[in-house]
Amino acid sequence: MKPLNQVVTSTPPSGIRRFFDIATQMEDVISLGVGEPDFVTPWRIREAAIYATERGQTTYTSNAGLLPLRQQIGAHVFGRYGVQYNPTSEIIVTVGVSEGLDLALRTLLNPGDEVLFIEPCYVSYHPCIRFAGGVPVPIPSFGADGFRVRPEEIESRITPRTKAILLCYPSNPTGATQTREDLQALVDIAVAHDLYILSDEIYDRLTYSGVHTCVASLDGARARTVLLNGFSKAYAMTGWRIAYTCAPRAISESMLKVHQYSMLCASHISQAAALEALLHAEHDVQEMVADYDQRRRVFVRGLNTIGLECREPNGAFYAFPSIQRTGLTSEQFAERLLMEEHVAVVPGNAFGQSGEGFVRCSYATGLAQLEEALVRMERFLCKLGCASAAPVAARGAQA
Ligand code: PLP
């Protein structure tokens, strides 16, 4: 048989899935591995989907998505961030941010175009850039300075082939957010070098201190930015596969062609649910965010108490503690923690080389589970001979 596509065959499977697959085979595992809310989608949203099926909304929709949904998305983005998008020509409803990212990359890139992105980062960026014919150019960021982006690191990697920069704040996996000034400095670089900006803001609502800055709202950004956002995280709707892109008309029109021919439209029922989410689920979002915030404080304090240094993550639902003092690599740490104490975390190197020395722990899981995970992690550290003085159970992992 003739060989399969080389770009695809040379791409390793996701490091997250490998651990998740092992964990699902084991009993009594506390999984801090997979990045999805532990909440079920709020009832009013599920009910809207039930009504939609009852009313027979089981057909295709227009390619760009239901107009009332696009109008609500436009109102939502304008209301929160003051950036205006025309619902009839600049907003596309997509099958997850995953599809939005793919559409944007396939629309913006010619073969060999380089895309900058800040590591450690979401596992899909590197492969998706390659699948779209582009060349991934990771920019390292470092735990020592809170995973802030250093503009000089970006400048030094810009070449005549650089086409775009992909940003994601709040960040998966570090939970880092950036100040408006820092983001403006990145936009200024994009303007100076005529780069497109892809801004994955899927965790925007999960910002715990300060306010989220929408990249498209910064000076000079809107005209060159594809804003990616969706319902998976804020509304606990990962399984509905529903999201959206906002971009200037010329870019959106081209993205719509890719979407039209490859996807046709997002699920009609999920679109009805998403409309309900925007119209009536703000209170549910706020409740879930308050819950994550409480877990974040308990868990991050607990990690630092047991001797795993962890900076305060200001967004998303991930803690990214350093495991350097254990002397293990992040893979060895994650593997042994899973095998010996049945706690699943993701090795930091799954998110790029600069993630080595860290592990990602999702705290989108119940408080009791998080507390038990801390006890097990401390036991593991004791075995390695590097735990803090008193056991966490005795101290109580209080917020
Ligand atoms: N972008 C980031 C940064 C993510 O962490 C994820 C999922 O974990 C996605 C995109 C995928 O989102 P969706 O469920 O909307 O496809």
Side-chain angles (χ1 to χ4, degrees), residues 9-36 38 119-127 138 140-143 147 171-175 295-296 299-300 302-311 313 316-366 368-388 391-393 397:
T9 51
S10 63
T11 303
S14 158
I16 295 187
R17 283 285 145 189
R18 192 169 77 82
F19 274 84
F20 183 62
D21 292 344
I22 302 174
T24 50
Q25 313 279 315
M26 295 171 70
E27 278 182 18
D28 184 33
V29 169
I30 298 179
S31 178
L32 311 180
V34 176
E36 72 177 325
D38 62 331
E119 272 189 357
C121 69
Y122 179 45
V123 292
S124 295
Y125 293 161
H126 194 287
S141 67
F142 304 95
F147 296 102
S171 156
N172 172 7
T174 65
R295 299 168 188 191
R296 177 181 76 108
F299 190 62
V300 172
L303 286 172
N304 283 302
T305 309
I306 65 174
L308 286 183
E309 190 200 340
C310 183
R311 284 176 175 267
F317 39 52
Y318 307 108
F320 203 57
S322 165
I323 50 101
Q324 280 153 27
R325 61 191 287 272
T326 66
L328 300 176
T329 65
S330 59
E331 286 214 20
Q332 287 166 339
F333 183 95
E335 198 143 354
R336 284 190 56 185
L337 182 65
L338 179 59
M339 295 307 173
E340 295 173 29
E341 291 294 341
H342 293 200
V343 176
V345 298
V346 184
N349 69 345
F351 307 97
Q353 257 171 25
S354 50
E356 183 48 54
F358 296 83
V359 292
R360 190 192 76 173
C361 311
S362 164
Y363 53 82
T365 192
Q369 297 268 93
L370 291 172
E371 279 167 354
E372 172 60 20
L374 286 169
V375 170
R376 294 184 189 188
M377 287 165 97
E378 179 164 56
R379 203 159 51 213
F380 178 62
L381 291 175
C382 278
K383 265 191 256 171
L384 297 176
C386 39
S388 306
V392 85

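Just so it is clear, the model here is predicted, and its values are computed rather than measured.
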Considering only heavy atoms from C-beta outward, does the side chain of Pro313 approach that of Thr174 to under 4.5 Å?
no
Where is the tightest heavy-atom contact between Gly357 and Ser330, given as atom of each residue plus distance?
N-CB, 4.1 Å
Hey, mind stepping through Val34 and Ser362 against side chain to side chain contact (heavy atoms under 4.5 Å, CB included) and telling me if it holds?
CA-CA 7 Å; Val34 176; Ser362 164; over 6 Å; no
Out of curiosity, Glu372 CD to Asp28 CG, how far, rounded to the nearest 0.5 Å?
7.5 Å
Short side-chain to backbone donor-acceptor contact, Gln369 and Gly366, under 3.5 Å:
no
Between Ala364 and Glu36, what is the shortest heavy-atom contact and its length?
CB-O, 3.6 Å
Can you list every side-chain hydrogen bond (donor to acceptor under 3.5 Å, both in side chains) pair that touches residues 346-355, not counting sequence neighbours?
Glu331-Asn349
Just by distance, do the side chain of Arg376 and the backbone of Glu341 share a donor-acceptor pair under 3.5 Å?
yes
Checking Ser322 now: which residues fulfil side chain to side chain contact (heavy atoms under 4.5 Å, CB included) with it, not counting sequence neighbours?
Gln324, Phe358
Which distance, rounded to the nearest 0.5 Å, do you find between the CD1 of Ile323 and the OG1 of Thr329?
6.5 Å
Among all residues two or more places apart in sequence or in another chain, which pass the side-chain hydrogen bond (donor to acceptor under 3.5 Å, both in side chains) test with Tyr363?
none
Name all residues meeting the side-chain hydrogen bond (donor to acceptor under 3.5 Å, both in side chains) criterion together with Thr11; count only those two or more places apart in sequence or in a different chain, and write none if there are none.
Arg130
Tested for side chain to side chain contact (heavy atoms under 4.5 Å, CB included) against Leu337, the lone hit among Leu381, Thr326, Val343, Val359 is Val343
Test side chain to side chain contact (heavy atoms under 4.5 Å, CB included) on Leu308 and Phe333; report intermediate values, then the result.
CA-CA 12 Å; Leu308 286 183; Phe333 183 95; 4.1 Å; yes
Taking atom CZ of Phe317 and atom CG of Asn172, what is their separation to the nearest 0.5 Å?
8.0 Å
Going by the rule side chain to side chain contact (heavy atoms under 4.5 Å, CB included), which residues pair with Arg311 if we only count those two or more places apart in sequence or in a different chain?
none
Closest non-hydrogen atom pair between Pro321 and Leu303, with its separation:
CG-CD1, 3.9 Å
Got a sec, which pairs hit ring pair (Phe, Tyr, Trp, His ring centres under 6.0 Å) with one end in residues 334-354, sequence neighbours left out?
none
Residues passing the side-chain hydrogen bond (donor to acceptor under 3.5 Å, both in side chains) test with Ser141, sequence neighbours excluded, are none
Separation of Tyr125 OH from Glu119 CD (nearest 0.5 Å)
12.0 Å
Donor-acceptor contact below 3.5 Å, side chain Arg360 vs main chain Val345
no
Here the gap from Cys386 atom SG to Leu328 atom CG, rounded to the nearest 0.5 Å, amounts to 7.5 Å
Can you name the residues that form a side-chain hydrogen bond (donor to acceptor under 3.5 Å, both in side chains) with Arg296, not counting sequence neighbours?
Asp293, Glu312
Partners passing side chain to side chain contact (heavy atoms under 4.5 Å, CB included) against Ala344 (at least two apart in sequence or in another chain):
Ala23, Val29, Ser31, Leu338
Would you sort out whether Ser171 and Phe147 count as a side chain to side chain contact (heavy atoms under 4.5 Å, CB included), showing the intermediate values?
CA-CA 9 Å; Ser171 156; Phe147 296 102; over 6 Å; no
Looking at Pro120 and Phe320, what are the two nearest heavy atoms and their distance?
CG-CE2, 3.9 Å
Who are the side chain to side chain contact (heavy atoms under 4.5 Å, CB included) partners of Glu340, not counting sequence neighbours?
Arg336, Phe380, Lys383
Could you go through Thr305 and Glu378, starting from their C-alpha distance and side-chain angles, then the distance that decides it, and tell me whether this counts as side chain to side chain contact (heavy atoms under 4.5 Å, CB included)?
CA-CA 9 Å; Thr305 309; Glu378 179 164 56; over 6 Å; no
